[in-house]
Amino acid sequence: MQAIQERWLPVWDRLAPFASGRPDDPRPKKYVLDMFPYPSGDLHMGHAEAYALGDVIARYWVQQGYNVMHPIGWDAFGLPAENAAIKRGAAPAAWTYENIEQQKSSMRRYACSFDWDRVMNTCDPEYYRWNQWFFLQMYKRGLAYRKDSAVNWCPTCQTVLANEQVVGGLCERCDSVVTKKKLTQWYLRITDYADRLLDDMQQLEGNWPDKVLLMQRNWIGKSTGAEVQFAVSGRAEPVTVYTTRPDTLFGATFFVVAADSDLAAELAAGTPAEADFAAYLDTVKQFSEMDRLDSSRDKSGVFLHRYATNPVNGEQLPIWASDYVLADYGTGAIMAVPAHDQRDLDFARAFDLPVRMVVEGGEDPLLTGVATADDGPHINSGELNGLDKADAIAAILEILAERGTGKAATNYRLRDWLISRQRYWGTPIPIIHCATCGEVPVPEDQLPVVLPPADSLDLTPKGTSPLGAADGWAVVPCPKCGQPARRDADTMDTFVDSSWYYLRYVNPRDDAQAFAPELANQWLPVDQYVGGVTHAILHLLYSRFFTKVLFDMGLVDFTEPFTRLLNQGMVVMDGSAMSKSRGNLVRLSDELLEHGVDAVRLTMVFAGPPEDDVDWADVSPSGSKRFLARAWRLSGDVTSPVGADFETGDLALRKATHRAVHDAQLAVETYRFNVAVARTMELVNVTRKAIDSGAGPADPAVREAAEAVAVMLSLVAPYTAEDMWQRLGHQPCVALAGWPVVDSALLVEESVTCIVQVAGKVKDRLEVAPNIGADQLEALALAQQSVIAALEGRGVRSVIVKAPKLVNIVPE
RNA sequence: GUCCCCGUAGUCCAACUGGCAGAGACACCCGGCUUAAACCCGGCACAGUGUGGGUUCAAAUCCCACCGGGGACACCA
């Protein structure tokens, strides 16, 4: 096996079967993309699976005659490089490039069908200068801005995080409990694109996993309702609340403002509640994001000794401050309708506040403790009485509009994307802060703003960017006024890098632009994207956002970057994720050494549906190896010459071959790669029999079958397939041999087994012509001795005929 | 708690719009090869589709309930 690997690698290097850059290539294009790896150490089992699957698709389309672009690169910025630098003293760049070289060489040995002319790394200044360029374009368009806000802070990573990087209150990288910190940070205005991110998902329906679309929908979290203004005692301006149930306005019995909002502090000031409020706010601030998410926690709050006036009935509603209302959603204030909102009801019951039902139906929530959310005729609601929910909402919106105290409104859960990071190994933000001129963008002709070398810096996390301490780098003249000014010391979230890398592949060494629009429009959108479901929200949402911005800039003519998405499962061991600490780590290098590249790839592909996890304890790489040897042996047994006329070959074997090719093709196109492998195994088995005890090794059909096996196998086991191809008398590369053309005449069976049932039970089998007529088949079935016996003299009520496969006779 | 997906031989998995439950593989067992074992080759066998109802001439497939597993959402007003 090792010998075969050594033999073919140089040949493939020379022939470069997967180069996709020829401008005069007449083949139609396909873009197959694997999510690019982070270079932390060598490739592992997970990479092996992902790239084996992506390769099946890429190699299949090449066999089908497409000019397939299947590029690879490295998502090379990020914390692990920096942590390695701190721990071992290696410079982040050196550590990163070393790992990239190692992964690259492993991928080459793993025979990934990448176009090696297109390789690029996001940590190269030639790449990240375009991050900076995009940032400036967004800045110009008002899509990049700085604001002071309470942000997510990971105390371990010592940096801020985007909302998307906080999972269940924990940092998605290191699982530390995330805290809040008030900081001025850079944001990208992804919320401007919320509706388009939502609406354009229609294009992806059926081509992306439903699960991913659902997660994105949930994340964007669009809700429709109304904004209603409440006059507040002792305050000139009314306070606006957001509600999805304006129809329950008459059921509002109190009013709540987010404890950590500016409004709460303002309302509490100068009231008897001021001290209580201050104490409460202190306790609220103790809570981590984790605690806050615990919805089983008892409701807490402070009455602010103030009142809000219900605009529809003039009622005075007591204003409370509580942490169950979020400062940064809606307006940070709500009208509480305890009868029809569970959270409000919990609060009302905790503090003995009144509950008034305004929608008929169900029991009194005050007694049951369960708020009713059902539709029904409205009661206790003035003009809304008798109306159902939809009508009541329409009516109340009209009433509020008339009085100028409210209007329809939409809200999103999605927040703007916080991209500043207080770490070193990332893209510097191309802004200069000048005491006189304020924020000044770095002029585009001065890009890239290159990272200063790490060796002169202290990378230890201190909560502020290490770049700020690099005076020689940070202090520059202001581009506007020339006075000394300071560079922005933060670096960008590495998800910025991966939000557009799929565009860079079209001409990765272009130093005049991020990508050539005409090439991008020619190659993109990506026809097939392959990667893990861990990026269901983060990377995929950001990439979709970037694509839409680029569309608006007129740089691309499509609005969605990835037409089809396949989420491969994970490789696990004994039912759980592999990890060193769990002691169930399987090393890819060991497996490759023991079984060979082809067997490992085949095992990954054959293990089951690609979306499912592969449990390495359940699969058999040695079985894969055995099969490959069996297949390979076929190539040595064929004695007919190259170019033998298949048409003269054994018909039964020819049919089996064409059937197998046809079925495998169908299976590959529907992601059922394991089934495609099974069809190949089947063909190997019948070919073996044909050689040993059938048509014999000289029959041209045996050659046809063996060649088909080689081509089918080339998607999964490139070394074995190439070697077979040569032994069959061909020149390399089998990867370019072309998918066998299926002769549909050979798919037609000359006879079909027809099942004859009586009352649904199988009573007989008939060999019939595939084109037999229904009447003829029915007559034939009814004439069978077995049928007559089964009927036991009963009459026939009806006969269901599905020619040519089935007849079911229903007795009286 | 709500919603979604999945339960098929000892194991991993197949089964086109409902139409013979088995394509493929692992393990086991039995043969062959071998002085013997391993490797290798050949072969047999193994479930009636989580449970209980329903629809249908016919259900792994459709519907309902429950059990088990996985996932998404879960103070977003």
Side-chain angles (χ1 to χ4, degrees), chain A residues 168 209-219 221-223 225-226 241-246 248 252 256 258 292-297 299 322-326 328-337 340-344 346-347 370 411-415 533 536-537 575 602-603 606-609 611-624 626-627 629-630 633 660 663 666-667 670 672 674-685 688-689 692-693 753-765 796-802 805-811:
Chain A
D210 290 340
K211 187 172 130 181
V212 174
L213 294 175
L214 177 70
M215 284 168 75
Q216 296 226 348
R217 237 172 240 122
N218 285 338
W219 187 260
K222 181 175 183 169
S223 87
V241 304
Y242 173 73
T243 176
T244 55
R245 292 294 304 273
T248 61
V256 189
R292 203 190 58 73
L293 285 172
D294 179 10
S295 52
S296 63
R297 227 172 75 230
K299 291 281 182 286
S322 173
D323 67 348
Y324 88 90
V325 172
L326 306 178
D328 62 350
Y329 183 80
T331 61
I334 63 151
M335 64 177 207
V337 184
H340 306 294
D341 182 285
Q342 190 60 46
R343 298 152 299 178
D344 296 345
D346 293 343
F347 194 85
V370 179
N411 250 301
Y412 301 88
R413 210 184 90 116
L414 181 71
R415 300 296 142 78
V533 74
I537 297 173
L602 177 68
T603 303
F606 184 55
E611 311 79 23
D612 289 6
D613 288 350
V614 176
D615 194 326
W616 204 248
D618 288 335
V619 295
S620 171
S622 55
S624 299
R626 224 176 303 146
F627 162 71
R630 275 164 53 77
R633 242 176 284 128
D663 287 0
L666 212 68
T670 51
R672 286 147 56 241
N674 54 327
V675 177
V677 170
R679 291 288 101 85
T680 311
M681 290 173 164
E682 222 175 339
L683 182 56
V684 169
N685 292 344
R688 179 81 264 152
K689 281 205 177 99
D692 292 346
S693 55
T753 307
C754 175
I755 302 304
V756 182
Q757 299 177 326
V758 174
K761 303 253 186 317
V762 179
K763 293 297 171 188
D764 214 331
R765 284 151 217 265
V796 172
R797 181 138 61 99
S798 67
V799 181
I800 288 104
V801 183
K802 295 278 172 184
K805 295 182 74 174
L806 180 124
V807 178
N808 188 10
I809 297 151
V810 188

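Residue numbers start from 1 in every chain, and the chains themselves are labelled A, B, ... in the order their sequence lines are given, proteins ahead of strands. Since we're looking at a predicted model, the values are computed, not measured.
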Every protein N/O lying under 3.5 Å from an N/O of nucleotides 38-40 of chain B:
unit_1 : atom_1 : unit_2   : atom_2 : d
B/rC40 : OP1    : A/Arg626 : NE     : 2.8

* To do: Could you give the distance separating B/rA65 and B/rG71 at their P atoms, to the nearest angstrom?
  => 23 Å
* To do: Would you indicate whether A/Lys222, at its atom NZ, is surrounded by more than 12 heavy atoms from other residues, nucleotides or ligands within a distance under 6.0 Å?
  => yes
* Let me know the distance between CG of A/Leu213 and C1' of B/rC3, rounded to the nearest Å. => 16 Å
* Using Watson-Crick and G-U wobble pairs whose two distances are both under 3.5 Å, how do you write the pairing of RNA chain B as dot-bracket, with | for links to another strand? -> (((((((..((((.....[..).)))..((((.......))))......(((((..]....))))))))))))....
* Closer to the 5' end of RNA chain B via nearest nucleotide, is it A/Tyr412 or A/Ala678? -> A/Ala678
* Asked: At their closest point, which heavy atom of A/Val241 faces which heavy atom of A/Ala333, and how far apart are they?
  -> CB-O, 3.4 Å
* side chain to side chain contact (heavy atoms under 4.5 Å, CB included) with A/Ser223: which residues, sequence neighbours excluded? -> A/Tyr242, A/Thr244, A/Tyr329, A/Asn411
* Asked: Do we see a donor-acceptor contact under 3.5 Å between the side chains of A/Asn685 and A/Arg630?
  -> yes
* Less than 4.0 Å between a side-chain N and a carboxylate O, is that true for A/Asp341 and A/Arg245? -> no
* How far does NZ of A/Lys805 sit from OG1 of A/Thr753, to the nearest 0.5 angstrom? -> 9.5 Å
Could I get a table of every N or O pair under 3.5 Å where one atom is in the protein and the other is in nucleotides 8-12 of chain B?
unit_1 : atom_1 : unit_2   : atom_2 : d
B/rC12 : O2'    : A/Ala607 : O      : 3.0

* Go through B/rC73, B/rC13, B/rC75 for me and flag the one nearest to the A/Ile537 side chain. => B/rC73
* What interatomic distance, in whole Å, is found between P of B/rU34 and the corresponding atom of B/rC28? -> 23 Å
* Which nucleotide, B/rC13, B/rC26, B/rA72, lies nearest any side-chain atom of A/Ser620? -> B/rC26
* State whether A/Asn808 places a side-chain N or O below 4.0 Å from either non-bridging phosphate oxygen (OP1 or OP2) of B/rU56. => no
* To do: Compare all side-chain heavy atoms of A/Glu611 with those of A/Val533 and state whether any distance is below 4.5 angstrom.
  => no
* Pick the P atom in B/rU61 and in B/rU49, then give their distance to the nearest Å. => 9 Å
* **Residue pair A/Thr603 / A/Pro621: nearest heavy atoms and the distance that separates them** => OG1-CA, 3.2 Å
* Would you mind telling me which residue lines up with the more 5' stretch of RNA chain B, A/Arg688 or A/Arg679, judged by nearest nucleotide? => A/Arg679
* Measure the NZ-CD1 distance between A/Lys802 and A/Ile755 for me, rounded to the nearest 0.5 Å. => 15.5 Å
* Nearest whole angstrom, please: distance from the P of B/rC73 to the CZ of A/Arg217. => 14 Å
* Expressed in angstrom and rounded to an integer, what is the separation of A/Phe627 atom CZ from B/rA27 atom C1'? -> 19 Å
* Asked: A/Asp618: what forms a side chain to side chain contact (heavy atoms under 4.5 Å, CB included) with it, not counting sequence neighbours?
  -> A/Asp615
* Asked: Mind checking the P distance from B/rC29 to B/rC20? Whole angstroms is fine.
  -> 34 Å
* **Distance, rounded to the nearest Å, where A/Glu611 contributes CD and B/rC5 contributes P** => 15 Å
* Asked: Looking across every strand, which nucleic acid part, if any, lies under 4.0 Å from A/Val614 by heavy atom: base, sugar-phosphate, or nothing?
  -> nothing
* To do: With the side chain of A/Lys211 defined as its heavy atoms from C-beta on, choose the nearest nucleotide among B/rG71, B/rC75, B/rG19.
  => B/rG71
* Asked: Counting any heavy atom closer than 4.0 Å, what does A/Lys689 reach on the DNA or RNA strands: base, sugar-phosphate only, or nothing?
  -> sugar-phosphate
* To do: Whole angstrom is fine here: how far is it from CD1 in A/Ile800 over to P in B/rG18?
  => 15 Å
* To do: Using the C1' atoms only, state how far B/rC33 lies from B/rG43, rounded to an integer number of Å.
  => 15 Å
* Asked: Please give, in whole Å, the distance from B/rG71 C1' to A/Met215 CE?
  -> 9 Å
* Would you kindly give the CG-to-P distance between A/Asp210 and B/rC5, to the nearest whole Å? => 9 Å
* **Minimum side-chain heavy-atom gap A/Ile334-A/Asp344 below 4.5 Å** => yes
* Donor-acceptor pair (no angle test) under 3.5 Å: A/Lys805 side chain, B/rC20 base -> no
* Asked: At under 4.0 Å, does any side-chain N or O of A/Arg672 touch on OP1 or OP2 of B/rA15?
  -> yes
* Base, sugar-phosphate, or nothing: which does A/Asp663 touch, judged by heavy atoms less than 4.0 Å apart? -> nothing
* Asked: Looking only at atom P, what distance separates B/rA25 and B/rG70, rounded to whole Å?
  -> 31 Å
* Asked: Residues in side chain to side chain contact (heavy atoms under 4.5 Å, CB included) with A/Ala678, at least two apart?
  -> A/Phe606
* Asked: How far, in whole Å, is B/rU56 from B/rG50 if one measures between their C1' atoms?
  -> 23 Å
* Select base, sugar-phosphate, or nothing to describe what A/Gln342 touches, counting heavy atoms under 4.0 Å on all strands. => nothing
* Atom-pair distance (CG on A/Leu806; P on B/rU56), nearest Å -> 19 Å
* Verify the neighbour count for atom CZ of A/Arg217: are there more than 12 heavy atoms of other residues, nucleotides or ligands below 6.0 Å? => yes
* For atom P, what is the distance between B/rC6 and B/rU17, given to the nearest Å? -> 13 Å
* When you measure from the centre of the six-membered ring of A/Tyr324, is the NZ or CZ of A/Lys299 under 6.0 Å away and within 45° of the axis? -> yes
* Is B/rG42 syn or is it anti, if syn means the base angle is within 90 degrees of 0? -> anti
